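Okay, structure first, notes after.
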Amino acid sequence: LELLFSVSSLSKGEADLSKKIYAEHGSESGMIASLMNQFLEKLSFIIYTVRTKSDQLNLSARELSAGSQNISENVQEQSAIIEEVIHVFN
């Protein structure tokens with residue numbers, strides 16, 4: 001019965017992926033529970049990996065944005081200097 005409840009919760013997206021499914025060992029339901037637990041461990045690892053990579057990408061995007069802003073400011077400064085030089089020679 002616990003196996004059925006656990007699989008039902010999984011199918012609805014309401015399950016806690018960190019909790020193991022327990023069933024009588026040696027029985028067919030016990031083998032299914034064991035396989036589901038292996039699947040849930042792999043799924044949890046995939047979710048963790050995606051979350052970690054997402055955080056890394058977010059950090060990289062912020063760093064690129066800051067770098068682009070810095071480049072833009074430098075270009076504006078150089079443009080102002082060139083304008084001054086042109087003005088001096090005119």
Side-chain angles (χ1 to χ4, degrees):
L1 194 57
E2 183 178 343
L3 177 61
L4 182 59
F5 176 74
S6 297
V7 173
S8 177
S9 294
L10 281 171
S11 71
K12 296 175 186 173
E14 300 169 353
D16 180 351
L17 299 180
S18 66
K19 290 188 177 179
K20 293 207 178 280
I21 300 170
Y22 294 101
E24 185 178 325
H25 293 292
S27 67
E28 185 177 357
S29 61
M31 288 186 273
I32 292 170
S34 177
L35 292 170
M36 287 298 297
N37 287 332
Q38 290 174 22
F39 169 74
L40 292 174
E41 284 179 29
K42 290 179 181 180
L43 184 59
S44 292
F45 179 74
I46 290 169
I47 292 169
Y48 169 78
T49 301
V50 168
R51 185 178 294 141
T52 300
K53 297 299 180 186
S54 175
D55 291 344
Q56 291 172 350
L57 283 172
N58 190 19
L59 177 62
S60 294
R62 286 187 301 221
E63 289 172 350
L64 284 171
S65 179
S68 294
Q69 181 66 31
N70 190 22
I71 289 171
S72 176
E73 290 169 2
N74 288 340
V75 167
Q76 288 176 353
E77 289 174 16
Q78 290 176 0
S79 178
I81 291 170
I82 291 171
E83 289 285 330
E84 288 179 27
V85 169
I86 290 172
H87 183 68
V88 167
F89 284 109
N90 280 336

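What you are looking at is a predicted structure, and each value in this text was computed from that prediction instead of being measured.
- Atom CD of Gln38 is separated from atom CE of Met36 by 11.0 Å, given to the nearest 0.5 angstrom.
- For residues 55-66, the set of pairs meeting the salt bridge (charged side-chain N to carboxylate O under 4.0 Å, His left out) definition, not counting sequence neighbours, is empty.
- Side chain of Ser65 to backbone of Ala61: no donor-acceptor contact under 3.5 angstrom is found.
- One finds the CD atom of Gln69 at 10.0 Å from the CG atom of Asn74 (value rounded to the nearest 0.5 Å).
- With Ser34 contributing its side chain and Gly30 its backbone, the two residues share no donor-acceptor pair below 3.5 Å.
- Tested against Leu40, the residues Leu35, Asp16, Ile21 include a single side chain to side chain contact (heavy atoms under 4.5 Å, CB included) partner, Ile21.
- Put simply, OG on Ser6 and CD on Glu14 are 12.5 Å apart, with the number rounded to the nearest 0.5 Å.
- Applying the side-chain hydrogen bond (donor to acceptor under 3.5 Å, both in side chains) criterion to Glu83, with sequence neighbours excluded, gives no partner residue.
- From Phe39, atom CZ reaches atom OG of Ser44 across 9.5 Å, with rounding to the nearest 0.5 Å.
- Sorted by first and then second residue, the pairs that involve residues 40-50 and meet salt bridge (charged side-chain N to carboxylate O under 4.0 Å, His left out), not counting sequence neighbours, are Lys20-Glu41.
- Between Ser29 and Ala23, the closest heavy-atom pair is O-CB, 3.7 Å.
- No side-chain donor-acceptor contact under 3.5 Å links Ser79 to the backbone of Val75.
- When the side chains of ILVMFWY residues are joined at heavy-atom separations under 4.5 Å, either directly or via intervening members, Leu10 and Ile47 end up in a single hydrophobic cluster.
- For the atom pair CG (Leu17) and CG (Asn37), the distance works out to 11.0 Å, reported to the nearest 0.5 Å.
- Remark: the backbone N or O of Phe5 is paired with a side-chain donor or acceptor of Ser9 at under 3.5 angstrom.
- Counting only distance, with no hydrogens or angles, the side chain of Ser54 and the backbone of Val50 share no donor-acceptor pair below 3.5 Å.
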